[in-house]
*Asks:* 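The structure that follows is given in the form of structure tokens.
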Amino acid sequence: MSEMKKQTQFKLNRRDSVWFQDNTAPVNIAYAKEVCDVAILPIGAIEQHGPHCPNGMDSFNAIGLAEKIAERSGATALPCPMYGGHPYMHMGMPCTIALNYETNIALIHDIIAGAANVGYNKFIILSAHGADSSFITAVHKLGMEGFFTLSSTWYDFLRDDRNVLEDYMWHADEAESSMGLSLYGDRMHMELAIDGGGTKLVDGKWKMAPGEASHRWQMYHFAGTFALMEKDDLDFGVIGNPTKATKEKGDALVERVVEGYTALIRDLMDSFPVGINPLGFRNPLGFNGCAGIRYDKDHDSRGHLIQR
């Protein structure tokens with residue numbers, strides 16, 4: 001019996017933890033190759049969230065959601081890098097520590113490419129920050145190299161459309177504060193919550209709010225220079241009204257988000273069982289190697305999965 005089997009035979013379906021960093025290497029490798037090869041990468045930011053929320057709120061939200069999704073779906077949660085990229089209007093705001101866009105792209109790329117060596121073939125980036133879309137660029141760089149990666153912010157994946165909330169999500173507001181109350185209420189200081197502000201440069205009808213169901217003639221909410229610099233425009237770093245937040249709203253948001261991602265993961269595993277890379281290739285040359293892609297034994301010459 002191999003050393004790996006000696007360590008994993010009694011716990012393969014009962015990992016020490018859903019978190020990659022809490023298990024030993026043999027357990028993670030065996031689990032990815034024999035049980036479930038979906039890995040979730042939670043990403044957030046270190047960013048001011050007004051006087052009532054912790055600076056790590058976006059990362060804490062991503063971590064809390066990833067853990068619950070992994071517990072229910074069988075996926076593995078990768079360590080959250082904590083720091084993230086930011087849109088232009090966040091720059092210079094005290095207590096917001098921003099990564100350069102190229103740094104953030106490279107960070108996400110390298111984490112997923114490295115985790116693939118373990119045996120994961122399906123990756124889901126779960127962002128609770130989302131205000132910088134550099135993770136989308138990382139997804140396409142990874143795609144050219146043969147890494148199957150899906151990405152979304154929890155609120156755009158949910159498309160709550162005010163089924164739980166009174167207002168659409170913005171920043172340190174009803175939505176984020178409710179989720180904080182649900183996941184880590186001991187870190188929240190709701191007695192300090194204040195109704196926020198933010199100057200609109202374009203009427204809200206022309207842009208889709210985070211979590212809003214889209215309609216015609218709308219731009220994505222981070223696809224333009226819609227806002228003034230927050231360090232100059234905002235007194236308290238809050239956009240929206242966190243005084244409307246409750247733990248009950250947060251519990252409902254968390255449950256709906258976990259339900260949706262769990263269904264997605266189960267569908268992926270039904271369509272592409274453990275050990276199958278949906279893209280069917282590895283192309284370490286990236287852009288320059290795309291013309292010469294050769295598919296693996298599970299796919300035909302056009303990249304279609306061979307049904308057995």
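Reckoned from all heavy atoms, side chains included, excluding hydrogens, waters and symmetry mates.
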*Asks:* Can Y155 be reached from V164 by stepping across I, L, V, M, F, W or Y side chains whose heavy atoms are under 4.5 Å apart?
*Replies:* yes
*Asks:* Within a radius of less than 6.0 Å around NZ of K249, do more than 12 heavy atoms belonging to other residues, nucleotides or ligands occur?
*Replies:* yes
*Asks:* Please test R282 against N277 for side chain to side chain contact (heavy atoms under 4.5 Å, CB included), starting from the C-alpha separation and ending with a verdict.
*Replies:* CA-CA 9 Å; R282 285 286 186 263; N277 171 10; 2.9 Å; yes
*Asks:* Test the R294-F281 pair against the cation-pi criterion, namely NZ or CZ under 6.0 angstrom from the six-membered ring centroid and within 45° of the ring axis.
*Replies:* no
*Asks:* Nearest 0.5 Å, please: how far is CG in D160 from CE in M169?
*Replies:* 11.0 Å
*Asks:* Given 3.5 Å as the limit, does a donor-acceptor pair link the side chain of R159 with the main chain of A213, or not?
*Replies:* no
*Asks:* So if you build clusters from Ile, Leu, Val, Met, Phe, Trp, Tyr with side-chain heavy-atom gaps below 4.5 Å, do F148 and I306 land together?
*Replies:* no
*Asks:* Would you give the length of the straight line joining atom OG of S73 to atom CG of D267, rounded to the nearest 0.5 angstrom?
*Replies:* 12.5 Å
*Asks:* Would you find a donor on one side and an acceptor on the other, under 3.5 Å apart, between the side chain of S59 and the backbone of A45?
*Replies:* yes
*Asks:* Does the side chain of H52 come under 3.5 Å of the side chain of S177 through a donor N or O and an acceptor N or O?
*Replies:* yes
*Asks:* Do I29 and V274 belong together in a cluster built from hydrophobic side chains that touch within less than 4.5 Å?
*Replies:* yes
*Asks:* Just by distance, do the side chain of H221 and the backbone of M208 share a donor-acceptor pair under 3.5 Å?
*Replies:* yes
*Asks:* Should the pair D37-K33 be classified as a salt bridge under the 4.0 Å nitrogen-to-oxygen rule?
*Replies:* no
*Asks:* Just by modelled atom types, is the G85 backbone N or O under 3.5 Å from a matching donor or acceptor in the H129 side chain?
*Replies:* yes
*Asks:* Taking only Lys NZ, Arg NE, NH1 and NH2, and the carboxylate oxygens of Asp or Glu, determine whether K244 and D195 approach each other closer than 4.0 Å.
*Replies:* no
*Asks:* Could you walk me through whether R266 and D270 pass salt bridge (charged side-chain N to carboxylate O under 4.0 Å, His left out), step by step?
*Replies:* CA-CA 6 Å; R266 288 175 177 167; D270 286 342; over 6 Å; no
*Asks:* Take R162 and E174 through the test salt bridge (charged side-chain N to carboxylate O under 4.0 Å, His left out) and record every step on the way to the result.
*Replies:* CA-CA 11 Å; R162 293 195 281 198; E174 177 191 13; over 6 Å; no
*Asks:* Is it the case that the side chain of D173 and the backbone of W170 share a donor-acceptor pair, with hydrogens and angles ignored and the cut-off at 3.5 Å?
*Replies:* yes
*Asks:* About how many Å separate NE2 of H109 and CD of E145, when rounded to the nearest 0.5 Å?
*Replies:* 3.5 Å
*Asks:* Classify the ring geometry of F157 against Y261: parallel below 30°, tilted from 30° to 60°, perpendicular beyond 60°.
*Replies:* parallel
*Asks:* Under 4.5 Å side-chain heavy-atom separation, chaining through any Ile, Leu, Val, Met, Phe, Trp or Tyr, what else clusters with F272? Say none if it is isolated.
*Replies:* I276, L305
*Asks:* What distance separates M57 CE from L183 CG, expressed to the nearest 0.5 Å?
*Replies:* 9.0 Å
*Asks:* Would you indicate whether Y220, at its atom OH, is surrounded by more than 12 heavy atoms from other residues, nucleotides or ligands within a distance under 6.0 Å?
*Replies:* yes
*Asks:* Do L234 and I194 share a hydrophobic cluster (ILVMFWY, side-chain heavy atoms under 4.5 Å, transitive)?
*Replies:* no
